[in-house]
Structure formats: structure tokens, C-alpha cells
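The following block contains the structure, expressed as C-alpha cells.
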Amino acid sequence: MSLISVNNLTFHYEGSSDNIFEDVSFQIDTDWKLGFTARNGRGKTTFLKLLMGEYEYKGNISHIKSFDYFPFEVKDKEKTFMEIMEEMYPEYELWRVCKELSLLKVDEDILYRPFYTLSNGEQTKAMLAVLFSQESKFLLIDEPTNHLDVRGKESIRDYLKQKKGFILVSHDRDLLNECINHILVINKTNIEVYKGNFSTWWEEKKRKDNWEQEENERLKRDIKRLKESAKIKEEWADNIESRKKGKKAAEEAKKKGASMKGRRAYIGEKTRRMEKRRKNLENREERAIEEKSGLLKNLETTEDLKLFPLQHYKDVPVSLSDVCIYYEGPDGIRKNLGSVNFEVRNGECVVLSGKNGCGKSSVLKAVIQAVEEKAGNENVQSLSLTEPIHYTGTITTAGGIKISYVPQDTSHLKGSLMEYAEKYDLNLSSFLMLLRKLDLGREQFEKNMEDYSGGQKKKVLIARSLCEQAHLYIWDESLNFIDVFSRIQIEELLMKYRPTMLLVEHDAEFVKKIGTKIVKL
């Protein structure tokens with residue numbers, strides 16, 4: 001057991017005036033199973049790179065353990081994983097790696113295959129196996145389950161449950177609940193460490209936010225009442241003071257048989273007491289204002305999103321009958337996948353399920369291609385498909401159907417948001433408003449999209465789709481890299497408007513709430 005101590009950490013990227021971290025301090029134990037979460041763009045990956053010593057910073061990070069990072073970069077994917085491992089970790093012990101592969105339920109033959117032939121799940125497991133075989137390392141695991149199917153996620157989850165001594169960056173609620181015993185959270189103004197899993201932190205955050213909101217409302221009422229009371233006391237004091245001198249004051253003194261001198265002394269004392277009460281009220285008001293200013297600084301607000309889906313006159317806009325996707329393999333032999341049969345009815349959310357490589361994304365693209373072939377590209381508000389999809393069977397699409405497509409890949413996002421909106425004929429103000437509601441800061445509007453984080457790029461694609469009116473929304477792993485707050489925000493939107501959807505999505509919580517039909521490939 002050892003500690004990683006972060007003291008007065010301040011960091012900003014060169015050329016930027018905004019600090020990513022400002023004077024933050026906390027400690028973490030290297031024996032913990034530590035989850036790490038925050039809204040997109042808050043600096044999770046940046047913090048991991050600071051631990052790795054990749055950036056200069058102000059403050060101090062002290063530790064005695066060395067770090068290793070997942071996923072590590074593989075430059076030559078033509079080499080076997082064994083060759084890659086020998087280059088990067090020359091002191092590795094093969095028996096330890098094989099032991100970890102066994103725990104991950106992966107055959108050892110992946111060590112001898114070219115890296116490019118490994119599926120996403122196999123690549124993830126191979127990397128984790130070699131990293132966890134280095135016993136002296138503290139691992140920094142950055143979103144290991146993106147692009148993994150349900151089985152892949154379950155195997156990673158079960159594997160990490162047996163491990164300790166890592167930081168796990170993830171937005172997957174199920175994974176964080178099962179694999180961690182502490183959680184590190186980047187708030188708006190600070191960084192906090194909680195004992196427990198995601199649900200422990202989430203319930204505590206909701207309780208704290210609710211208390212602060214109630215306290216804020218109480219203090220607002222108190223401040224208003226204190227202002228009004230102080231104003232009344234001030235008016236009374238001024239009125240009493242005006243009665244110390246003049247003809248009216250002399251007549252009042254004569255009626256009461258008192259001298260003017262005694263009258264003035266009496267009124268002066270009364271005025272002094274009233275002023276003191278007014279001053280006390282003002283002091284209480286200042287304390288209430290100061291107390292109120294300390295509240296709600298870390299409140300994460302999510303505004304309601306809106307969607308205006310089209311309703312097609314046909315009850316079944318899309319149906320697939322005995323559809324089989326096939327590919328040209330490297331050896332020239334066609335690789336056929338199992339046949340697919342399903343239909344998408346108005347108001348349904350159909351979720352395609354299956355292991356990586358079974359053709360889920362290809363089925364989505366085949367539907368888009370069928371619509372394009374029937375009606376022309378003007379009815380598909382999407383990227384043009386770069387390569388044709390080959391299939392047998394029948395895809396029936398209703399006439400005039402409009403589709404909005406969120407692709408899995410974000411590498412095409414380049415240039416400014418304004419140029420992007422113009423390219424897709426989006427209403428710029430509505431597009432930017434949606435991005436703001438999805439927590440994209442105004443300062444990001446001035447940047448090029450290639451400088452965005454993975455989650456921010458995904459939000460650009462989702463915001464574009466929400467701007468589009470369509471009969472069918474086709475989203476391919478749209479939630480990869482998206483923070484928990486925005487996931488819940490999108491869940492609530494889709495449950496409210498119930499657009500017709502065809503999805504590939506591996507977030508179990510999201511599918512449970514949104515999916516109306518699961519199609520297993």
C-alpha cells in the first residue's frame with residue numbers, strides 16, 4: 001500500500017487562458033479499485049497524462065509506484081501481439097500474461113496473431129492481460145469498454161472485479177457499480193474522493209444537491225425578509241430623528257411637560273436603538289448572502305432537450321427479410337453472416353444485439369443504403385456511406401422515409417461548428433443551443449472539432465441528429481465517451497418523445513429504459 005498525493009495542482013494547456021485544474025489537492029491509495037468520472041471535457045484523460053509525466057504543471061504529485069496506461073499505442077499493427085509485447089515490455093513474463101488471458105477467458109493463440117486481426121474485445125483483453133501481468137504497476141485504465149459488445153463488457157467487468165490497484169475512467173454505470181470501491185469525481189470547482197461505487201456517489205450527490213437547493217431557497221427568502229425589515233427600520237429611524245428639532249418637536253415636548261433637551265435625548269436614544277437593530281439586520285443579511293454564495297457551486301444542471309420526430313403514414317417504415325451481410329475476406333473468400341429478420345414499427349426503438357464483428361453496424365448501413373437507392377440521398381440526413389454494403393435478402397423501406405444517422409466513427413469531424421452546421425443545412429442557433437444544453441462550453445465554439453474530446457465529438461453528432469426531423473433515427477453506439485449526466489438527459493428525451501429508432505448500443509441501463517425490441521444477431 002502507498003499513497004498518491006496531489007497538492008495544489010494547477011494546469012492549463014499552452015495557448016489557453018483557462019485552467020483545467022486550479023489549486024486542487026487530494027490523496028488516493030494505490031490499493032484502491034478507483035473509479036474516475038466527470039462531465040466531458042473536465043480533464044479525466046488529462047489528469048491521467050499528468051500522472052504519467054507527459055505535461056508540465058504547477059503544484060506537486062508525489063508517488064512511489066510507477067504507472068502504466070491503457071490503451072497503449074500500437075504503431076505497427078502488422079506485427080503479432082507477442083512481438084509488440086516484447087518491444088514494449090521486454091521484461092514481461094509469459095506465464096503471467098497467459099494466466100491473465102486465462103482469467104479473461106481468451107485463448108493464448110491471440111499472442112501469435114497480427115494485431116490488426118484482433119477484434120476490439122480481443123485487443124482490449126490482450127492489452128489488459130499484459131498490463132496486469134506487471135505486478136508493480138498502478139494502472140490507469142481509460143474507458144476500456146467503448147466499442148465492446150455486451151459479452152465483452154461483462155468479461156471485462158468480471159475480470160476487473162478480481163483486481164485492485166487501478167484508476168478506471170468510465171461512464172458505464174453498471175461497470176462502475178461492479179468494479180470499484182472508491183470514486184474520484186471532477187466537479188465544477190473541485191475534485192472529490194468518495195468511498196463506495198457509482199450508486200453510492202450518485203445518491204450522495206442527489207441528496208447534497210437537493211439539500212443545497214432547499215437551503216438556497218430558504219436563504220433567498222431570508223435575505224428578502226431581512227432587506228425589507230432593514231428598510232422599515234431605516235425609515236422609522238429617519239422619522240424619529242426628524243422629531244428631535246423644530247416647532248412640532250417643541251409642541252410634543254410641551255404637551256408631555258418635558259424640556260426640549262430631555263426630549264432630544266430621549267429621541268436620540270430611540271434612534272440609536274433603531275439604527276442598531278437595522279445594522280444587526282444588515283449584518284445578518286450579509287452572512288446569509290455569504291452562506292448562499294457557497295451553495296450550488298457544483299450543481300450539475302441538465303436542461304430538457306426537445307425533438308420533433310416525423311410520423312410516417314405507414315405503420316412499418318422498415319422491414320428486413322432473410323438479410324445476410326457478406327464481406328470480401330483477405331483471402332478472397334466471401335464471409336457470410338447469419339440471416340436477419342425484423343421490422344421497425346412507428347414509435348418502436350429496436351436495438352441490435354450481438355458480439356463484436358457480427359455485422360450490427362453493417363445492418364444499419366444496409367438500411368440506409370436501401371433508403372438511398374429507393375429515394376435518393378436527399379432523404380438521408382447523414383454522411384454518405386464510403387463503401388457499399390453487400391447483402392442478400394430483402395430490405396423493404398416505406399416511400400419518402402427520412403433517416404437521421406449518428407455514425408460510430410467521429411474521425412471525419414474537422415473544422416468549425418459553423419462550417420459543420422452549414423454543411424448539413426442546420427439552423428445554427430438551434431444547433432449551438434442544443435450543444436450548450438449538452439454541456440459544451442461556449443469557449444468550445446471557437447475551437448476546431450478535431451481538438452474536441454471523444455465525448456464532445458459524440459455530442460456534436462447527437463446534437464445534429466436532434467436538429468433533424470426524421471421518420472427513423474439510426475444511432476450506432478452513440479453513447480461511447482458520453483458522460484453520465486448527458487446519458488440520463490438523452491434517456492429522458494427519448495422516453496418523452498418516443499421517436500422511431502434503430503440502434504446499436506451496449507449501455508445496459510440505457511437499453512433497458514429505451515429499447516422496446518431487442519434483435520439478437
Review point. Stepwise, does the side-chain hydrogen bond (donor to acceptor under 3.5 Å, both in side chains) test hold for Asn427 with Ser429?
Key: CA-CA 6 Å; Asn427 181 294; Ser429 59; 2.7 Å; yes

Point to revise | CD (Glu56) with more than 12 external heavy atoms under 6.0 Å | key: no

Review point. Does His63 NE2 have over 12 foreign heavy atoms under 6.0 Å away?
Key: yes

**Study point:** Donor-acceptor under 3.5 Å (Lys77 side chain, Thr117 main chain)
**Key:** no

Check your understanding: So does Arg207 pair up with Glu204, basic N to acidic O under 4.0 Å?
Key -> yes

Exercise for review: Measure the spacing between CG of Leu502 and OH of Tyr473 and express it to the nearest 0.5 Å.
Suggested key: 14.0 Å

Review point. Can you find a heavy atom in the side chain of Leu101 that is under 4.5 Å from one in the side chain of Ile110?
Key: yes

Check your understanding: With a 6.0 Å cut-off on ring centres, are Phe431 and Tyr424 close enough?
Key -> no

Review point. Would a 4.5 Å heavy-atom cut-off, applied to side chains only, mark Val169 and Thr45 as touching?
Key: no

**Study point:** Main-chain N/O of Lys58 paired to Asn8 side chain as donor or acceptor, under 3.5 Å
**Key:** no

Check your understanding: So, Lys44 side chain and Val185 main chain: donor-acceptor pair closer than 3.5 Å or not?
Key -> no

Point to revise | Name of the residue among Lys512, Arg487, Arg157 meeting salt bridge (Lys or Arg N to Asp or Glu O under 4.0 Å) with Asp174 | key: Arg157

**Study point:** Check: His171 and Asn40 side chains under 4.5 Å, non-hydrogen atoms
**Key:** yes

Review point. Can a salt bridge be assigned to the pair Lys220 and Glu217 using a cut-off of 4.0 Å between side-chain N and carboxylate O?
Key: yes

Check your understanding: With no hydrogens and no angle check, do the side chains of Thr10 and Asn19 hold a donor and an acceptor under 3.5 Å apart?
Key -> no

Review point. Less than 4.0 Å between a side-chain N and a carboxylate O, is that true for Lys355 and Asp149?
Key: no

Review point. Atom CD1 of Ile462 and atom SG of Cys467: how far apart are they, to the nearest 0.5 Å?
Key: 12.0 Å

Review point. Does the side chain of Phe510 reach to within under 4.5 Å of the side chain of Leu494, using non-hydrogen atoms?
Key: yes

Point to revise | Distance-minimising heavy-atom pair for His471 and Leu310 | key: CD2-CB, 3.5 Å

Review point. Any side-chain heavy atom of Ser2 sitting closer than 4.5 Å to one from Lys65?
Key: yes

Revision key, fill the gap. When every non-hydrogen atom of Ser133 is compared with those of Val97, the smallest separation belongs to OG-CG2, 3.6 Å

Check your understanding: Can you tell me if Asn187 and Asn190 form a side-chain donor-acceptor pair at under 3.5 Å?
Key -> yes

Review point. Just checking, any donor-acceptor pair under 3.5 angstrom between side chains of Ser404 and Glu468?
Key: yes

Practice item. Please report the C-alpha distance between Ser411 and Asp409 in whole Å, then the side-chain angles of each, then the deciding distance to 0.1 Å, and finally whether the side-chain hydrogen bond (donor to acceptor under 3.5 Å, both in side chains) criterion is met. Key: CA-CA 6 Å; Ser411 61; Asp409 181 40; 2.6 Å; yes

Check your understanding: Hey, are the side chains of Phe70 and Thr124 touching, using non-hydrogen atoms and a 4.5 Å cut-off?
Key -> yes

Check your understanding: Below 4.0 angstrom, N of the basic side chain to O of the carboxylate: do Asp507 and Arg173 qualify?
Key -> yes

Check your understanding: Quick one: does Tyr497's side chain get under 4.5 Å of Lys306's, heavy atoms only?
Key -> yes

Review point. Given Glu505 and Leu479, is the side chain to side chain contact (heavy atoms under 4.5 Å, CB included) satisfied, shown in steps?
Key: CA-CA 7 Å; Glu505 184 51 62; Leu479 297 186; 3.6 Å; yes

Check your understanding: Going from CG on Leu34 to CG on Leu140, what distance comes out if it is rounded to the nearest 0.5 angstrom?
Key -> 10.0 Å

Check your understanding: Would you say Glu343's side chain and Val318's backbone share a donor-acceptor pair under 3.5 angstrom?
Key -> no

Practice item. Measure from the side-chain N and O atoms of Gln489 to the backbone N and O of Thr302, and report whether any donor-acceptor pair falls under 3.5 Å. Key: no

**Study point:** Test log, rule side chain to side chain contact (heavy atoms under 4.5 Å, CB included), inputs Gln408 and Val504
**Key:** CA-CA 9 Å; Gln408 191 179 132; Val504 172; 5.7 Å; no

Exercise for review: Could you tell me whether Glu100 and Lys163 have a side-chain N and a carboxylate O separated by less than 4.0 Å?
Suggested key: yes

Point to revise | Heavy-atom pair of closest approach, residues Thr410 and Lys457 | key: OG1-CD, 3.7 Å

Review point. Does the side chain of Phe342 reach to within under 4.5 Å of the side chain of Val363, using non-hydrogen atoms?
Key: yes

Exercise for review: Would you check if the side chain of Tyr452 reaches a backbone N or O of Gln444 as a donor-acceptor pair within less than 3.5 Å?
Suggested key: yes

Review point. Between Lys208 and Glu192, does at least one N-O distance fall below 4.0 Å, as a salt bridge requires?
Key: yes

Exercise for review: Could you verify whether a donor N or O on one side chain and an acceptor N or O on the other, from Ser155 and Lys105, lie under 3.5 Å apart?
Suggested key: no

Point to revise | Gap separating the CG atom of Asp172 from the CD1 atom of Ile482, nearest 0.5 angstrom | key: 13.5 Å

Point to revise | CD/Glu422: more than 12 non-hydrogen atoms of other groups inside 6.0 Å | key: no

Point to revise | Heavy-atom closest pair, residues Thr37 and Val484 | key: OG1-CG2, 4.4 Å

Review point. For Lys206, does its backbone N or O pair with a side-chain atom of Asn210 as donor and acceptor, under 3.5 Å?
Key: yes

Point to revise | Pair Asp29 + Lys164, salt bridge at N-O below 4.0 Å | key: no

Exercise for review: Look at Glu122 together with Arg113 and state whether they make a salt bridge at an N to O cut-off of under 4.0 Å.
Suggested key: yes

Check your understanding: Quick one: CG on Asn146 to CG on Asn480, what's the gap to the nearest 0.5 Å?
Key -> 4.0 Å

Practice item. Using modelled atom types only, decide if a donor and an acceptor are shared between the side chain of Ser353 and the backbone of Lys520 within a distance under 3.5 Å. Key: no

Check your understanding: Does the side chain to side chain contact (heavy atoms under 4.5 Å, CB included) test come out yes or no for Phe36 and Leu48, once each step is laid out?
Key -> CA-CA 10 Å; Phe36 191 14; Leu48 299 188; 4.3 Å; yes

Check your understanding: Nearest 0.5 Å, what's the NZ-CZ distance between Lys33 and Phe166?
Key -> 5.0 Å

Exercise for review: Would you please indicate if the ring centroids of Phe26 and Phe47 are separated by under 6.0 Å?
Suggested key: yes

Review point. Salt bridge or not for Lys513 and Glu491, using N-O below 4.0 Å?
Key: yes

Review point. Hey, are Asn177 and Ser199 close enough side-chain-wise for a donor-acceptor pair under 3.5 Å?
Key: yes

Check your understanding: For residues Thr200 and Asn197, is any side-chain donor paired with an opposing acceptor at under 3.5 Å?
Key -> yes

Exercise for review: Would you name the heavy atoms of Cys179 and Lys161 that are closest together and state the gap between them?
Suggested key: SG-CG, 4.0 Å

Check your understanding: Taking the side chain from Lys137 and the backbone from Leu131, do they hold a donor-acceptor pair closer than 3.5 Å?
Key -> no

Review point. Is a side-chain donor or acceptor of Ser453 paired with a backbone partner of Gln456 at a separation under 3.5 angstrom?
Key: yes

Practice item. Decide whether a cation-pi geometry holds between Lys49 and Tyr69; the criteria are a distance under 6.0 Å from NZ or CZ to the six-membered ring centre and an angle within 45° of the ring axis. Key: yes

Check your understanding: Hey, is Lys99 close enough to Glu135 for a salt bridge, meaning N to O under 4.0 Å?
Key -> no

Check your understanding: Can a donor-acceptor pair be found between the side chains of Tyr13 and Asp451 at a distance below 3.5 Å?
Key -> no

